[in-house]
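Worksheet: the structure to be examined is printed underneath.
To find a chain, count down the sequence lines: A is the first, B the second, and so on, and within it residues start at 1.
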Protein chains: 2
Amino acid sequence: MVRPRSFDEDAVLEGAMGLFWRRGYDGATLEALDRATGLNRGSLYNAFGDKRGLFLASLRRYVRLEIDPAVNAVRTAPNALAALAVLFPPGTTVDRRGCLICKAAAEIAPMDPEVAEIAREAYRPLREALSEAFAASQTQRHPEHLAALVVAAYQGTKIMANAGESAEKIAKVAAGASAVVTN
Amino acid sequence: MVRPRSFDEDAVLEGAMGLFWRRGYDGATLEALDRATGLNRGSLYNAFGDKRGLFLASLRRYVRLEIDPAVNAVRTAPNALAALAVLFPPGTTVDRRGCLICKAAAEIAPMDPEVAEIAREAYRPLREALSEAFAASQTQRHPEHLAALVVAAYQGTKIMANAGESAEKIAKVAAGASAVVTN
DNA sequence: AGAGTTATTGACCGCGTAATCAATAACTGC
DNA sequence: GCAGTTATTGATTACGCGGTCAATAACTCT
């Protein structure tokens with residue numbers, strides 16, 4: 001009775017998300033989004049409403065693919081140090097794209113309540129999981145506060161990455177977090 | 001021999017900086033910049049070259065007015081806790097504008113090396129001052145790492161502010177930092 | 001097979017944008 | 001006060017942008 005869609009929605013979002021991540025919201029033009037998704041303008045609008053709709057869908061996909069797995073890894077980490085290693089994996093290179101959610105928070109959230117809510121909700125589970133990991137390892141007196149500190153620092157390193165800060169500088173943040181937990 | 005400028009450059013930058021801070025780079029249109037600065041288009045271009053030039057000048061003014069004073073306050077703080085209170089003043093409301101430098105880092109730095117450098121340099125003195133404050137209070141084993149952690153967390157709270165996070169949530173980050181220093 | 005519904009295509013549009021420029025004004029040094 | 005230099009004005013421009021739309025294609029159900 002209807003013509004089915006000829007594209008894989010997740011593949012389309014993969015392309016859109018990648019472009020928003022690299023170029024930001026304003027920097028991602030519809031022409032570039034056409035190319036990145038392989039879809040043409042009209043199909044994009046038919047499927048997602050408008051540019052903002054595509055952006056919101058990309059944000060949700062980012063949370064699902066980039067943040068939720070980290071939350072699960074923290075939940076199953078054997079101890080606090082291992083949980084930290086999820087957020088600050090040792091010996092990795094710096095991804096200058098930073099974090100799509102942090103970029104959206106800075107660029108769009110002040111003018112778009114829905115984006116703001118997505119940004120707030122994105123990191124809450126991570127704080128909670130980290131708080132439980134800290135509480136479980138018994139050595140910390142204020143697990144909730146320390147979790148808030150570490151997650152904020154994690155977001156900070158994503159901004160530093162956008163500014164092109166070196167891996168050494170970012171590793172110092174990780175070292176600071178480890179020192180705190182090792183106390 | 002020449003016609004002098006009829007405007008106060010710092011007052012003009014005050015207006016431009018405020019608009020960039022509230023609306024971001026792309027969100028600040030030249031028409032709005034005209035209004036915010038009181039200058040008309042041509043004068044703005046004569047004085048600053050182009051929109052990007054005005055933005056760079058605004059960033060530098062922000063560092064001078066918003067970050068440098070904090071660095072000095074940290075330098076003269078009597079102890080580590082007092083230094084922390086400079087970054088996280090107790091009982092203040094959340095300024096949803098966040099930090100202009102962090103916004104610029106997220107939005108512009110990936111595409112503009114000069115903005116990236118300004119962003120990197122802006123927070124370096126703060127890290128150094130904080131590191132010395134921690135070292136001076138003797139109680140911390142890794143002052144440089146802890147300073148990196150705290151400054152990253154500070155930047156994180158600015159992103160949280162952009163996302164509309166509550167004062168309570170942000171206070172937890174501050175509490176976490178204090179707990180670390182009090183160890 | 002035909003009717004009905006939705007997806008796709010790609011040309012098209014209006015608008016807001018950053019930037020320009022010729023004309024004019026304001027000031028200084030001689 | 002005149003020549004020379006720079007600042008100001010504001011109308012104008014070219015263009016890239018997000019968004020639209022009529023025509024066509026693809027599919028399902030009866």
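- Positionally, the nearest nucleotide of DNA chain D for A/T29 lies more toward the 5' end than for the other of A/T29 and A/G49.
- Map B/G42 and A/F7 each onto its nearest nucleotide of DNA chain C; the residue landing nearer the 5' end is A/F7.
- At distances below 3.5 Å, not a single donor-acceptor pair connects side-chain atoms of A/R75 with backbone N or O atoms of A/A129.
- Out of D/dC17, D/dT8, C/dA7, the shortest distance to the side chain of A/E31 is found at D/dC17.
- Atom-to-atom, CG of A/D50 to C1' of D/dC17 comes out at 14 Å; the value is rounded to the nearest Å.
- Although no hydrogens or angles enter the test, the distance criterion places no donor-acceptor pair under 3.5 Å between the side chain of B/R127 and the main chain of B/A147.
- Figure legend: cation-pi geometry between A/K51 and A/F20 absent, as NZ or CZ is not positioned both under 6.0 Å from the six-membered ring centre and within 45° of its axis.
- Contact check on A/K172 versus A/E168 returns no salt bridge, with no Lys/Arg side-chain nitrogen under 4.0 Å from an Asp/Glu carboxylate oxygen.
- In this structure, B/A32 reaches neither bases nor backbone, as no heavy-atom distance under 4.0 Å exists between it and the strands shown.
- Comparing C/dA19, D/dG18, D/dA7 by their nearest atom to the side chain of B/N46 picks out D/dA7.
- One interatomic measurement links the two molecules: CZ of B/F48 to C1' of C/dT20, which rounds to 18 Å at whole-angstrom precision.
- Nearest to the side-chain atoms of B/R41 among the listed nucleotides C/dA18, D/dA7, D/dG19 stands C/dA18.
- Straight-line distance from the OH atom of B/Y45 to the C1' atom of D/dT8: 16 Å, rounded to whole Å.
- Minimum atom distance to the side chain of B/N40 is reached by D/dG10, of the listed D/dG10, C/dA18, D/dG18.
- In the set D/dT9, C/dA19, C/dT9, the nucleotide with an atom closest to the side chain of A/S43 is C/dT9.
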